[in-house]
Every structure is written in C-alpha cells, then in structure tokens.
2 protein chains.
Amino acid sequence: MTDAPKILFVDAASRYGWARGRPGEKPESGSARFAPEDSSQGAIAWGAMRFVAEQIQSYRPDEIVVEAPLPATLVNGKTTVSTQEILMGLPFAIQGMAYGLQMYRVSVARVSKIRTHFIGKNAKGEIAKPMVWRKCIALGWISANDEDLSHDRTDALAGWHYAGTVLCPQLAQPIDDLFVKAEERKRREAAAADQRLAKTEQAIREESERRRSIMEKF
Amino acid sequence: MTDAPKILFVDAASRYGWARGRPGEKPESGSARFAPEDSSQGAIAWGAMRFVAEQIQSYRPDEIVVEAPLPATLVNGKTTVSTQEILMGLPFAIQGMAYGLQMYRVSVARVSKIRTHFIGKNAKGEIAKPMVWRKCIALGWISANDEDLSHDRTDALAGWHYAGTVLCPQLAQPIDDLFVKAEERKRREAAAADQRLAKTEQAIREESERRRSIMEKF
DNA sequence: TAAACCGGGTGTAGCT
DNA sequence: AGCTACACGAAACCCA
DNA sequence: TGGGTTTCGGGTAAAC
DNA sequence: GTTTACCCCCGGTTTA
C-alpha cells in the first residue's frame with residue numbers, strides 16, 4: 001500500500017477538538033479554544049485561521065476534514081444568531097484559510113455519518129458523546145488518566161477515524177460520497193486554478209506579490 | 001472639526017457591495033464577486049479575506065462596518081444551508097482577517113436600521129432597494145449612466161451613510177448603540193490585548209514570529 | 001450571450 | 001422502496 | 001476557580 | 001405600552 005495520507009480532522013466550535021494522523025496509526029488529538037471566552041468573533045475567527053495555517057505549515061496534512069455545522073432551521077431556531085455565526089463561520093473561515101494557503105484537499109463531514117460509522121447509530125449527542133468517548137478509550141487513543149478527556153476531543157477522534165475510513169477505502173469500506181465529492185471538488189478546483197493561472201504568468205506573479213504584501217505587516 | 005474618519009462599508013454576500021469615504025464627502029463604491037460562480041466556499045472566503053486585507057492595507061480605513069446577516073430562523077427557514085454558511089461566514093471571516101491585521105475598529109450594522117435611517121422606513125427589499133437606489137442617484141453618489149448600478153452597490157452606499165451618521169454624531173444624529181457597542185468592544189479588545197501582551201515581551205516576539213512564518217510560504 | 005425572472009429552500013437512519 | 005422522525009452549543013449559574 | 005448543570009434561543013419600527 | 005409584522009440570496013430557466 002502506498003503511504004496512507006496524513007489526515008487532520010477539526011471539530012470546529014468555539015471550543016474545538018482536533019485529531020490527526022495516518023489511518024491505521026494511533027492519532028494525536030486535543031482540544032482547546034480558538035480565543036479566550038467572551039472574545040469578539042473577529043478574535044475567534046482569527047484564532048481558527050491561525051490554527052489552520054499552523055497545522056498546514058507544520059503538520060502538512062494531505063487531507064483536512066471539518067465537521068459540518070448543523071443547519072439552523074434544523075435546530076428549529078433553537079440557537080442564537082451569534083452562535084450560528086460562529087458555527088457556520090468557523091468552517092467557512094477555515095476553508096478560506098486553507099484555500100489561501102493552497103491546500104485544496106478540504107472536505108466537510110456530517111455529524112450523523114460520523115456517529116453511525118463510529119458507534120453504529122445516530123444518537124443524539126447526549127447519548128452518543130459518552131459512547132464515542134468510551135470507544136476512544138477502548139481503542140487506546142486516549143488514556144483514562146489523560147489530562148484532556150473532553151468530548152470535543154473524542155468527537156474529533158471519531159471524525160478522524162471516519163475520515164480515514166472514507167478516504168482510504170482500501171483499508172475497509174467502499175468509498176462513499178464524501179470521497180467522491182472530494183475528488184469532484186479537487187478536480188473542479190484544479191481545473192479552475194489551471195484556467196486562472198493559465199491566463200498569464202503575469203497574473204500569477206501579481207497574485208503572489210499581493211499575498212505576500214498583505215502579510216508583511218505582521 | 002477633526003478629520004472625519006475613513007469609513008469602509010461592506011455588504012457581504014456572494015456578490016458583495018462596498019462603499020468608502022469620509023462622512024460628508026462623496027463616497028467611492030462598487031460591487032463585485034468574491035470568487036467566480038460555483039466556486040467552493042473556500043474560494044469565496046479567501047476572496048473576502050483578501051479583499052479586506054487589501055482594503056486595510058491600501059485604503060487604511062479608520063472604521064470598517066459590515067452588514068449583519070439575517071438570522072436563519074427569520075427567513076423562516078427559507079434559505080439553504082450553503083447560503084447560510086456564506087451569509088454568516090463572510091462577515092465572520094472578514095472580522096477575523098481584520099482582527100489578524102490588527103484592525104479592531106470593526107462593527108456590524110443591521111439592515112433594518114440602515115434602511116430606516118436612509119429611506120425612513122424598514123420596507124422589504126423588493127420595495128426598499130429601488131428606493132435606496134433612487135436616493136443614491138439623487139445624491140449624486142452614482143450617476144445614471146454609470147456602469148455598475150447594482151443594488152449591491154447602492155445598498156452598500158446606504159450602509160456607508162448610516163455608518164457615517166452613527167460614527168460621526170457631530171454631523172447629525174446623537175450616538176446610538178452601534179457606536180456605543182463599538183466603543184465598548186474597542187475597549188474590551190484593547191484591554192484584552194494589553195493583558196495578553198503585558199504577560200511577557202517574549203510572548204509578543206513569538207507571536208510575531210509565528211505570524212510571519214505562517215505567511216512566508218506565499 | 002447577457003440580463004431579467006422565478007422557485008426553492010437538510011439529510012439520514014431506521015422502521016413500515 | 002417509501003415514509004417518518006429527529007438532530008446543538010453558548011453563557012449564566014451554582015456548587016464543591 | 002473550575003467544572004457540571006441549566007437555560008435560552010432576533011430585533012426594529014410602526015400600528016393600535 | 002403593547003402588539004404585530006416584516007425581513008433572504010442562489011442557481012436554473014427564460015427571454016431580448
């Protein structure tokens with residue numbers, strides 16, 4: 001088998017969980033906040049952007065998978081606007097940053113799929129989270145005397161495993177639509193990029209220059 | 001009077017409108033897309049982030065005001081998830097980028113307030129937009145044979161004027177809660193930043209280094 | 001080919 | 001195969 | 001103070 | 001003072 005890809009999974013909320021590794025290996029994982037409590041949305045967004053940038057730079061994942069936010073209408077309006085903005089905004093900003101860093105292999109995974117894959121049923125969080133948690137312990141992905149035993153972390157681990165299974169069908173499952181979509185998107189992105197880049201070499205240089213200049217203020 | 005501040009207003013949607021200038025002056029304005037049609041969310045987000053970065057860098061506004069997204073529940077569920085993600089995500093990402101570039105004077109304005117301020121009533125878009133449009137013409141902010149006569153543009157102009165009125169009370173209105181909130185937030189941000197920075201000079205240097213290194217790949 | 005207009009609005013798992 | 005039901009997170013508060 | 005638990009979920013302007 | 005009603009973009013299709 002060729003090298004399994006490095007996968008980074010992010011469960012993005014105001015407190016987020018992350019997990020990364022190659023399918024088959026024991027993943028690293030953790031949880032944290034993108035910004036201190038009561039921070040402005042700007043601070044949170046920037047925290048997320050920085051997190052992604054750093055991951056891409058230092059860990060160099062082959063794939064990034066983010067947990068999809070639940071549609072607001074679903075929760076039957078049971079969520080404040082500001083919560084919504086964060087829940088929707090985080091994956092959005094993360095994707096944007098990845099795109100800006102030319103990391104185009106980003107996909108999005110639904111909670112329900114992750115759960116059914118990982119614990120066999122799509123239960124509501126109250127029930128599912130402890131199950132997920134236990135399974136993570138069982139798998140030895142976190143140890144019971146670990147410092148961080150949060151659900152954010154174990155949820156991310158579940159997501160990571162799901163992503164691995166889906167992205168590396170040779171390890172088990174037949175591919176399903178996440179993979180297909182990722183391929184589709186990748187092709188579309190690549191094509192679009194090609195088209196754009198092909199226009200002129202000049203355009204490339206301008207773009208590159210612009211990007212660099214944006215950041216030299218730091 | 002001291003120099004009126006340079007205000008940048010953005011009406012952020014997949015097709016966005018912008019307007020900028022100092023209150024009292026004739027504003028510049030326009031509309032465009034953050035990314036070609038059918039682009040991934042990542043592309044759109046990055047487009048927005050780049051736009052903001054460039055504005056901050058080259059125009060150096062004193063204030064940035066973004067149009068607030070309407071809560072999903074409001075639209076009575078009449079909005080797709082992806083639309084939601086974009087509508088909520090754009091302002092979020094914009095604020096994040098601004099924050100990252102240390103531009104903390106960012107506020108958010110509600111459509112209803114803008115409209116009532118600008119045309120005296122909070123009518124539905126179908127009715128309001130043409131009214132706004134006419135008023136912009138009347139004010140000479142766009143000329144009838146202009147190339148871009150889109151509502152995105154005129155909406156942004158209305159927003160800009162509202163922002164100006166609110167942020168420069170000396171020109172007319174008493175301050176209202178947008179200003180107050182901006183001040184509050186600014187103070188909070190500043191305090192938080194101070195606190196953080198005060199911890200150690202070392203932290204500052206690390207942070208700075210990290211930021212720079214994130215971007216040197218460009 | 002470009003501009004105006006209109007419709008449409010979540011997805012999945014588990015049970016029947 | 002078709003139909004139905006159902007899904008969350010942030011911040012305030014309280015208690016150890 | 002830290003962690004578990006509970007609660008709450010949009011806002012405005014005009015009409016009455 | 002209190003109640004009430006209102007609020008949207010995206011993408012596909014059609015038309016000049």
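What you see is a predicted model, and the numbers here were worked out from it, not measured in a lab. Note on naming: letters A, B, ... go to the chains in the order of the sequence lines (proteins, then strands), and numbering restarts at 1 for each one. Side-chain atoms are counted along with the backbone in the values below, which use heavy atoms only and exclude waters and symmetry mates.
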Give the rounded distance in Å between these two atoms: CG of B:D152 and C1' of F:dC10. 13 Å
How would you summarise protein contacts on nucleotides 8-16 of chain D per nucleotide, using B for base, S for sugar-phosphate only and - for none, with heavy-atom distances below 4.0 Å? BSS------
Is A:T116 close enough to C:dA13 that one of its side-chain N or O atoms is under 4.0 Å from OP1 or OP2 there? yes
Please measure how far the C1' atom in E:dA13 lies from the corresponding atom in D:dG9, and state the result in whole Å. 31 Å
Using the P atom as the point on both nucleotides, what is the distance between E:dA14 and D:dA7, in whole Å? 41 Å
Looking only at atom C1', what distance separates D:dC13 and C:dG9, rounded to whole Å? 38 Å
Rounded to the nearest angstrom, tell me the gap between atom NE2 in B:H117 and atom C1' in E:dT12. 16 Å
Go through C:dT12, E:dG10, E:dT12 for me and flag the one nearest to the B:S112 side chain. E:dT12
Could you label the plane-to-plane angle of the B:F118 and B:H161 rings as parallel, tilted or perpendicular, counting under 30° as parallel and over 60° as perpendicular? perpendicular
Residue set satisfying salt bridge (Lys or Arg N to Asp or Glu O under 4.0 Å) with A:D146, at least two apart, ordered chain then number -> A:R153
Rounded to the nearest Å, what distance is computed from the CZ atom of residue B:R110 to the P atom of nucleotide F:dC8? 14 Å
Side chain proximity check, B:V65 to B:V108, heavy atoms < 4.5 angstrom: no
Any Lys/Arg nitrogen of A:D155 or A:K129 sitting under 4.0 Å from an Asp/Glu carboxylate oxygen of the other? yes
Any donor-acceptor pair under 3.5 Å linking the side chain of A:R115 with the backbone of A:A123? yes
Which label fits A:F51 and A:W18: parallel for a plane angle under 30°, tilted from 30 to 60°, or perpendicular past 60°? tilted
Roughly, in whole Å, what's the span from CG in A:N122 to C1' in C:dG11? 10 Å
Just checking, is any N or O donor in the side chain of A:T116 or A:N122 under 3.5 Å from an acceptor N or O on the other one? no
Check: A:P91 main-chain N/O paired with A:Q95 side-chain donor or acceptor under 3.5 Å: yes
In Watson-Crick or G-U wobble terms, with both distances under 3.5 Å, the base opposite F:dA16 is C:dT1
Rounded distance in Å between the P positions of F:dC7 and C:dA13: 37 Å
In whole Å, what separates the P atom of D:dA10 from that of E:dT12? 24 Å
Measure CG/A:L149 against P/E:dG4 and give the value in whole Å, please. 10 Å
Rounded to the Å, how far apart are B:Q84 CD and F:dG11 P? 14 Å
For residues A:I64 and A:F9, determine if any side-chain heavy atom of one lies less than 4.5 Å from a side-chain heavy atom of the other. no
For DNA chain D, what is the dot-bracket line, given that a base pair needs Watson-Crick (N1 to N3, plus N6-O4 or O6-N4) or G-U wobble (N1-O2 and O6-N3) geometry with both distances under 3.5 Å, and | means paired with another strand? ||||||||||||||||
Indicate whether any N or O donor in one side chain lies under 3.5 Å from an N or O acceptor in the other, for A:R20 and A:S29. no
Could you check how far CD of A:E85 sits from C1' of E:dG11, rounded to whole Å? 13 Å
Let me know the distance between CE of A:M88 and C1' of C:dT10, rounded to the nearest Å. 11 Å
